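Have a look at the structure below, then the notes.
Since this is a predicted model, take the numbers as computed values, not measurements.
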There are 2 protein chains.
Amino acid sequence: MPLYLRAVEDFYRREHEVVSSQDLGDWTGLTPAQVRKDFTFFGEFGKQGIGYNVKFLRQQLRQILRLTEDVHIGLVGFGNLGRALVHYHVDAHTAENPEFGAPDRLRITAAFDVDPSVVGTDFRGVHIFHVDQLSEIVHEHGIKIIIIAVPAQHAQSVADKAVAAGVKAILNFAPVTLTVPEDVKVRHTDLTLELQSLAFYTG
Amino acid sequence: MPLYLRAVEDFYRREHEVVSSQDLGDWTGLTPAQVRKDFTFFGEFGKQGIGYNVKFLRQQLRQILRLTEDVHIGLVGFGNLGRALVHYHVDAHTAENPEFGAPDRLRITAAFDVDPSVVGTDFRGVHIFHVDQLSEIVHEHGIKIIIIAVPAQHAQSVADKAVAAGVKAILNFAPVTLTVPEDVKVRHTDLTLELQSLAFYTG
DNA sequence: GATTGTGAACGGATTCACAGCA
DNA sequence: TGCTGTGAATCCGTTCACAATC
């Protein structure tokens, strides 16, 4: 769904009044049937013979994706990768930057590390706490998502702490498969795995 | 398959002689049946009643994934993200770092940007060329994969140039859906999309 | 005529279950 | 007995095709 929202935002920006599932399919690279099926899961947004009202659809998608209220995110691991992620995210979400699609309410509220030389400092408006304060800060700010950008050997224990603190979603950049309870959603991004996969196709 | 290799490397490091599809399933989070099916696509590696010989399986997987010869990678876009990627990758692949699983031959051979203040400099052993030299350098070094870490509005034109130069695989970090010929493999990593997806589950 | 929403058909991927072998 | 390799069975996501509707 986030991809559809990005598409709809683009049509919105270009002042289209309506879009068809065909239009959205072209934009996203999916089939029109796929687009319609995905939408019906959440309700009926379109008008037969006409298409989807862009303004209405945009609003519906934002609602569905909970982009209308602040979502607090914690970042664990403030090495090169963590720093780049903050940079990237802050750029994307403060600069009224339309290239990312919908402006949303995703906020990196706090960062965590163990290195005394960064703990206690601020970076791009984000304060870096010691990892021992994870649970405390998660509760204090109502953090629902954490990003794991620590070395592999610490990733699982960070995940455990976060889950214990009530975090329900994890974006994992460490090269390990995390074990978490069923009700916690994990997404995994792994540069090495991606490159190794691609290398296979270069024969 | 890269994930299996990582698992096998782990068993290898812990000096296991054999692994069962059950073991590998536990490690990766997949079912044993799945593991066996995936392997049979490439051949028969195991012994009935025993399991898979770790050393042999490791060697086979490396062969399959073409990790035995150098694969040259180009990085386009040397902003915060690009820099972090080089950092990360160089760390992962020079430090004999076992946490990433198999040592491989994936090399970021060259980087590209348009900013005169970085073009011509070196970073962590990687030289930064002007994007205009993309085609030339791709041919010169036999680059097969490029990583796109440029702003959204330039991503497609970079992809086009790379494809024209003969690149067959692209790892795209820009928040756009790239259009490429069928024989080019694209993988897309999009922080904003990942976070928006996760936000949906935090209700 | 255009386009949605949807039940039916399809197909690919996953899982089952078991024969075969160490 | 234990575990692989694999055909059969099943599941699930995608696509088709069309009735309903603007």
- request: Starting from P on C:dT6, measure out to CD on A:Q34 and report it in whole angstrom.
  value: 15 Å

query: A:L57 CG to C:dT4 C1': how many Å, rounded?
result: 13 Å

task: Could you list all the side-chain hydrogen bond (donor to acceptor under 3.5 Å, both in side chains) pairs where at least one residue sits in residues 154-163 of chain A, not counting sequence neighbours?
output: A:Q156-A:D160

message: Can you identify which nucleotide, out of C:dT6, D:dT6, D:dT4, has its nearest atom closest to the B:S21 side chain?
response: D:dT4

Centroid-centroid distance, B:F173 to A:Y88, less than 6.0 Å: no

task: Give me the ring orientation class for B:F39 and B:Y4: parallel if the planes are under 30° apart, tilted from 30 to 60°, perpendicular past 60°.
output: perpendicular

message: Tell me whether B:D10 is salt-bridged to B:R14, with the criterion being a basic N under 4.0 Å from an acidic carboxylate O.
response: yes

- request: Would you indicate, yes or no, if C:dG5 has its OP1 or OP2 atom less than 4.0 angstrom from a side-chain nitrogen or oxygen of A:Y52?
  value: yes

- prompt: Can you find a donor-acceptor pair, distance only, under 3.5 Å between A:K37 side chain and D:dT14 base?
  reply: no

message: Reading DNA chain C from 5' onward, which residue's closest nucleotide shows up sooner: A:G49 or A:A33?
response: A:G49

- request: Could you tell me the separation between the CG atom of A:L30 and the P atom of D:dG13, rounded to a whole number of Å?
  value: 15 Å

task: Give a yes/no on whether any side-chain N or O of A:T31 is located under 4.0 angstrom from OP1 or OP2 of D:dT15.
output: yes

Between C:dA22 (P) and B:N53 (CG): distance, integer Å: 16 Å

- prompt: Any idea which of D:dC22, C:dG20, D:dA17 is nearest the B:Q48 side chain?
  reply: C:dG20

task: Let me see the working for A:V158 and A:F112 under side chain to side chain contact (heavy atoms under 4.5 Å, CB included), right down to the final yes or no.
output: CA-CA 10 Å; A:V158 167; A:F112 302 90; over 6 Å; no

task: For B:F45 and D:dT6, give me the distance from atom CZ to atom P, rounded to whole Å.
output: 12 Å

- prompt: Can you check the B:D23 CG to D:dC3 P distance for me, whole Å?
  reply: 8 Å

message: Distance check needed: D:dT4 P versus B:F56 CZ, whole Å only.
response: 14 Å

Options C:dG5, C:dT4, D:dT6, nucleotide nearest the side-chain atoms of A:E44: C:dG5

- line: Separation of D:dC16 atom P from A:R36 atom CZ, nearest Å, is 11 Å

